[in-house]
Amino acid sequence: MNFWLMKSEPDTFSIDDLKRKKREAWDGVRNYQARNFMRDGMRVGDGVFFYHSNCAEPGIAGLAEVASDAYPDPSQFDPKSKYFDPGSSRDNPRWMLVDVKFTRKLKRTITLDELKNHAKLAEMALLRKGNRLSVMPVDAKDWKYILELE
DNA sequence: GCCAACGTTGGC
DNA sequence: GCCAACGTTGGC
């Protein structure tokens, strides 16, 4: 079992939205590295930190679970979607996604600011300077450590 | 709204 | 293959 962190802007799709919908196709990822993590790294049942980005209180807001294998992101084929990619084709899709299933909200959001204050987490991909990936792996030891902060 | 960091694009 | 220009991310 592996662990991941997935960013979402709460104004667009928050942990409460996932709670209400129970399950969601994680569409719109248009970064090759993030795609590769979903396509090659994720397995059903893997743990996911649901991270709120670009908002008043950035941080880990809840837990989710990988709920499907990777499959082509339908939005890349839809000319009306803002995620439409004219360079992709159904025969050779460029972008993949997984479904994500709600597990639970954290009792409180563990903020980015708080995470930065823990020296043991300094090597986390999330905290490395300039990191903008929206999907990234989390070490098992960091997963455990962060949950103990809750 | 600003801007640093980074990815992508496209001319050469 | 280089690299300038441009677009996006996301914290602040």
Side-chain angles (χ1 to χ4, degrees), chain A residues 2-21 24-42 46-67 70-139 141-143 145-150:
Chain A
N2 290 308
F3 300 98
W4 307 93
L5 182 143
M6 299 173 86
K7 294 180 183 173
S8 184
E9 302 192 10
D11 288 349
T12 306
F13 191 80
S14 71
I15 187 71
D16 290 314
D17 294 321
L18 185 62
K19 181 177 184 181
R20 184 166 40 80
K21 298 187 71 174
E24 183 77 355
W26 202 268
D27 67 0
V29 171
R30 293 294 180 270
N31 170 282
Y32 288 104
Q33 215 182 335
R35 177 205 65 185
N36 293 347
F37 285 134
M38 291 199 286
R39 186 188 62 189
D40 307 329
M42 288 189 179
D46 282 358
V48 175
F49 281 144
F50 193 111
Y51 180 92
H52 282 170
S53 67
N54 210 3
C55 57
E57 194 181 46
I60 298 167
L63 304 182
E65 187 180 313
V66 175
Y71 61 94
D73 180 343
S75 67
Q76 72 195 299
F77 307 125
D78 177 3
K80 291 193 292 293
S81 169
K82 68 171 173 171
Y83 300 125
F84 178 60
D85 183 351
S88 184
S89 70
R90 289 181 189 276
D91 290 343
N92 187 19
R94 184 177 288 171
W95 305 111
M96 307 289 279
L97 55 69
V98 297
D99 290 350
V100 166
K101 171 169 94 173
F102 179 77
T103 302
R104 67 178 176 88
K105 289 180 72 169
L106 296 188
K107 297 188 195 83
R108 62 185 184 87
T109 294
I110 298 176
T111 63
L112 177 63
D113 194 49
E114 178 177 353
L115 294 172
K116 283 178 178 169
N117 286 328
H118 290 268
K120 287 200 168 163
L121 299 175
E123 297 306 311
M124 272 189 88
L126 177 71
L127 301 182
R128 279 204 291 266
K129 187 179 175 186
N131 172 52
R132 299 184 331 188
L133 272 180
S134 64
V135 176
M136 67 186 84
V138 175
D139 283 352
K141 66 171 168 41
D142 294 338
W143 175 274
Y145 184 87
I146 289 168
L147 282 181
E148 285 167 0
L149 300 176
E150 187 180 1

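Both backbone and side-chain heavy atoms feed into the values below; hydrogens, waters and symmetry mates do not. In what follows, every chain begins at residue 1, and chains take the letters A, B, ... in the order their sequences are listed.
At distances below 3.5 Å, not a single donor-acceptor pair connects side-chain atoms of A/T109 with backbone N or O atoms of A/G59. With hydrogens and angles ignored, the 3.5 Å screen pairs no side-chain donor or acceptor of A/R90 with any backbone N or O of A/F77. Between the side chain of A/K7 and the backbone N or O of A/L133, at least one donor-acceptor pair lies under 3.5 Å.
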For this session: Starting at the 5' end of nucleotides 7-12 of chain C, put B wherever the base has a protein heavy atom under 4.0 Å, S where only the sugar-phosphate does, and a dash everywhere else.
Result: BBBBBS
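Contact check on A/D17 versus A/R20 returns a salt bridge, with a Lys/Arg side-chain nitrogen under 4.0 Å from an Asp/Glu carboxylate oxygen. Salt-bridge formation is not detected for the pair A/D73/A/R35: no Lys NZ or Arg NE/NH1/NH2 atom is positioned less than 4.0 Å from an Asp or Glu carboxylate oxygen.
Not less than 6.0 angstrom separates the ring centroid of A/Y71 from the ring centroid of A/W95.
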For this session: Go through A/Q33 and A/M136 one step at a time and tell me if the side chain to side chain contact (heavy atoms under 4.5 Å, CB included) criterion holds.
Result: CA-CA 9 Å; A/Q33 215 182 335; A/M136 67 186 84; over 6 Å; no
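Note on ring orientation: taking the six-membered ring where Trp is involved, the planes of A/F13 and A/W26 are perpendicular (angle over 60°, cut-offs 30° and 60°).
Close to B/dA4, at under 4.0 Å from its OP1 or OP2, lies no side-chain N or O of A/K129.
Residues of residues 86-97 of chain A having a heavy atom closer than 4.0 Å to DNA chain B: none are found.
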